[in-house]
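Take a look at the structure set out below.
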Amino acid sequence: MEKNNKYSIIIPTYNERLNIGLLVYLIFKHLRELDFEVIIVDDGSPDGTQDMVKQLQQLYGEERILLRARPSKLGLGTAYCHGLKHASGDFVIIMDADLSHHPKYLPSFIRKQKETGANIVTGTRYVKSGGVHGWNLMRKLTSRGANVLAQTFLWPGVSDLTGSFRLYKKSVLEDVINSVVSKGYVFQMEMIVRASRKGYHIEEVPITFVDRVYGTSKLGGSEIVEYLKGLIYLLFTT
Amino acid sequence: MKHILKILGLLVAVSAVWIGLLEASIVPSSHAWLLPVYLIVSLGCYGFLMVGVGLMFFPTCPQEAQLLHKDIAEAKEFLKKKGLDVGLD
């Protein structure tokens, strides 16, 4: 009989006290019968995110919910590295804590991986039955422009480069993450481009993206400059 | 191979064809000189077209927001019942 895979879900948090509770409930609701663990990497949130996680640990069990906190805000890329060190699964899923990534899509990531044997399954917002809610025209324009630029110059082979809802085979994530140097927004793009260049098998599943319900969106104007710098950087290094 | 080299290679190939056209004078040379301009203009048009089409058919999901609110209410209800503090939206 086929060995049952274990999944480690890594969620970086900063001031997501309410969201993390809701998210964990929804993860358990949608992955009921699977073998999985949730690894929460909290960067010293002052809002009591860690207290909430401790309460969730009592509710769901400390072996299912792991709190791996760091003392201060150290960035997204290193948060995944940190969580990865503590991951015991065969596959690692990364997602955002702000409920823009809905756990109801987790089964489709896992199914897609099983069907295709892919190394990476990435969620895409830009296909049929995927989509975005809560973006104004400017945000859509920026997103489309960024996407066309990247598709024209990088030929990445995936339709959504900056999405951060992904499933990785653990060894693949370990391999790719070590060669990635970008921070913040560009990090996700560099991850998928490098993985694609290394010849890993990447599949896509449609996801919907509902922009932050609670809290404020973290995208600013300087992101565009960062994105363009990242694009040029990837042109020369991958 | 670095990706920039692939793109440069493509550019070199295109230039070679262009120079070939200039030398062989298959098309009138006044036209041939303008070919790179046409190429750049059509690339620009392609870009704008792609952005425009992308915007027109931007997939949106207003129903997902409603479903999410329902899920949030359900999650809050559950956590509250278990004695977790989920006040303060």
Side-chain angles (χ1 to χ4, degrees), chain A residues 17-19 21-26 28-30 47-48 51-52 55-56 58-60 99-100 102-104 124-135 137 140-141 143-149 151-156 193 197 206-211 213-214 232 234-238, chain B residues 1-15 35-89:
Chain A
R17 194 184 66 85
L18 177 58
N19 283 336
L22 305 174
L23 185 69
V24 165
Y25 166 80
L26 290 170
F28 274 84
K29 181 183 168 192
H30 289 282
D47 75 336
D51 292 334
M52 176 59 105
Q55 292 181 54
L56 291 164
Q58 282 174 5
L59 193 56
Y60 290 104
L99 296 175
S100 54
H102 199 298
K104 71 182 168 191
T124 176
R125 298 162 285 190
Y126 304 130
V127 296
K128 208 167 164 279
S129 72
V132 172
H133 177 74
W135 281 8
L137 186 65
K140 286 180 184 171
L141 184 69
S143 154
R144 289 320 304 177
N147 205 268
V148 167
L149 273 180
Q151 297 294 339
T152 309
F153 290 106
L154 286 176
W155 316 341
V193 171
R197 301 284 191 256
I207 57 163
T208 57
F209 183 96
V210 178
D211 211 356
V213 182
Y214 300 114
I232 293 165
L234 287 176
L235 268 177
F236 282 91
T237 59
T238 68
Chain B
M1 189 167 65
K2 301 291 181 223
H3 198 71
I4 189 77
L5 295 179
K6 278 190 218 164
I7 290 176
L8 287 177
L10 197 67
L11 278 179
V12 168
V14 170
S15 322
L35 282 176
V37 180
Y38 293 152
L39 185 70
I40 290 166
V41 169
S42 50
L43 257 180
C45 287
Y46 163 80
F48 278 113
L49 192 76
M50 291 305 284
V51 172
V53 168
L55 265 185
M56 272 170 67
F57 298 103
F58 202 101
T60 54
C61 48
Q63 73 288 0
E64 288 297 325
Q66 287 170 4
L67 289 174
L68 181 61
H69 279 285
K70 231 182 269 169
D71 286 338
I72 287 171
E74 180 190 316
K76 271 188 178 169
E77 184 71 20
F78 174 82
L79 294 175
K80 213 183 281 174
K81 223 163 43 189
K82 296 286 176 183
L84 273 72
D85 176 23
V86 287
L88 287 170
D89 289 358

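Chain letters run A, B, ... following the sequence lines, proteins first and then strands; every chain starts at 1.
- Within a 6.0 Å radius of NZ in B:Lys80, no more than 12 heavy atoms belonging to other residues, nucleotides or ligands are found.
- Atoms NE2 and OG1, on B:His3 and A:Thr237 in that order, are 11.0 Å from each other to the nearest 0.5 Å.
- Here the OG1-CG distance, from A:Thr208 to B:Leu68, works out to 8.5 Å after rounding to the nearest 0.5 Å.
- Side chains of A:Leu59 and B:Leu79 form a contact here, defined as non-hydrogen atoms less than 4.5 Å apart.
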Check step by step if side-chain contact (heavy atoms from CB on, under 4.5 Å) holds for A:Thr238 and B:Lys2. CA-CA 5 Å; A:Thr238 68; B:Lys2 301 291 181 223; over 6 Å; no

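- Expressed to the nearest 0.5 Å, how far CG of A:Leu18 lies from CD1 of B:Ile72 amounts to 8.0 Å.
- Ring pair B:Phe58/A:Tyr126 is perpendicular by interplanar angle, where above 60° counts as perpendicular and below 30° as parallel.
- Between chain B and the residues A:Arg125, A:Gln151, A:His133, A:Met52, the largest count of heavy-atom pairs under 4.5 Å involves A:His133.
- Neither the backbone nor the side chain of A:Leu149 comes within contact range of chain B; no heavy atoms are under 4.5 Å apart.
- A:Trp155 touches chain B through backbone and side chain together, each having a heavy atom under 4.5 Å away.
- Distance CG/B:Leu5 to CZ/A:Phe236: 9.0 Å, rounded to 0.5 Å.
- When every heavy atom of B:Pro59 is checked against every heavy atom of A:Gly130, the shortest pair comes out as CB-O, 3.5 Å.
- Pairs passing the salt bridge (charged side-chain N to carboxylate O under 4.0 Å, His left out) check and including a residue from residues 42-69 of chain B, sequence neighbours excluded, read A:Lys104-B:Glu64.
- Contact annotation for A:Lys128: neither backbone nor side-chain heavy atoms come within less than 4.5 Å of a heavy atom of chain B.
- Looking at heavy atoms from C-beta onward, B:Asp71 lies in side-chain contact with A:His102 at the 4.5 angstrom threshold.
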For the pair B:Lys82 and A:Gln55, evaluate side-chain contact (heavy atoms from CB on, under 4.5 Å) and give the outcome as yes or no after the intermediate values. CA-CA 10 Å; B:Lys82 296 286 176 183; A:Gln55 292 181 54; over 6 Å; no

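- In this structure, the portion of A:Ser143 lying under 4.5 Å from any heavy atom of chain B is its side chain and not its backbone.
- The shortest heavy-atom contact between B:Ile7 and A:Phe153 is CD1-O, 3.2 Å.
- Each of A:Val132, A:Ile232, A:Leu235 has some count of heavy-atom pairs under 4.5 Å with chain B, and the biggest count is that of A:Val132.
- Heavy-atom proximity under 4.5 angstrom to chain A picks out B:Tyr46, B:Gly47, B:Met50, B:Val51, B:Gly54, B:Leu55 from residues 46-57 of chain B.
- Partners of B:Glu77 by salt bridge (Lys or Arg N to Asp or Glu O under 4.0 Å), not counting sequence neighbours: none found.
- Put simply, CG on A:Leu234 and CD1 on B:Ile4 are 11.5 Å apart, with the number rounded to the nearest 0.5 Å.
- Neither the backbone nor the side chain of A:Val193 has a heavy atom closer than 4.5 Å to any heavy atom of chain B.
- Proximity to chain B (any heavy atom under 4.5 Å) is restricted, for A:Leu26, to the side chain, taken from C-beta onward.
- Applying the ring-ring contact (aromatic ring centres under 6.0 Å, His included) test to A:Tyr25 and every residue at least two apart in sequence or in another chain returns B:Phe78.
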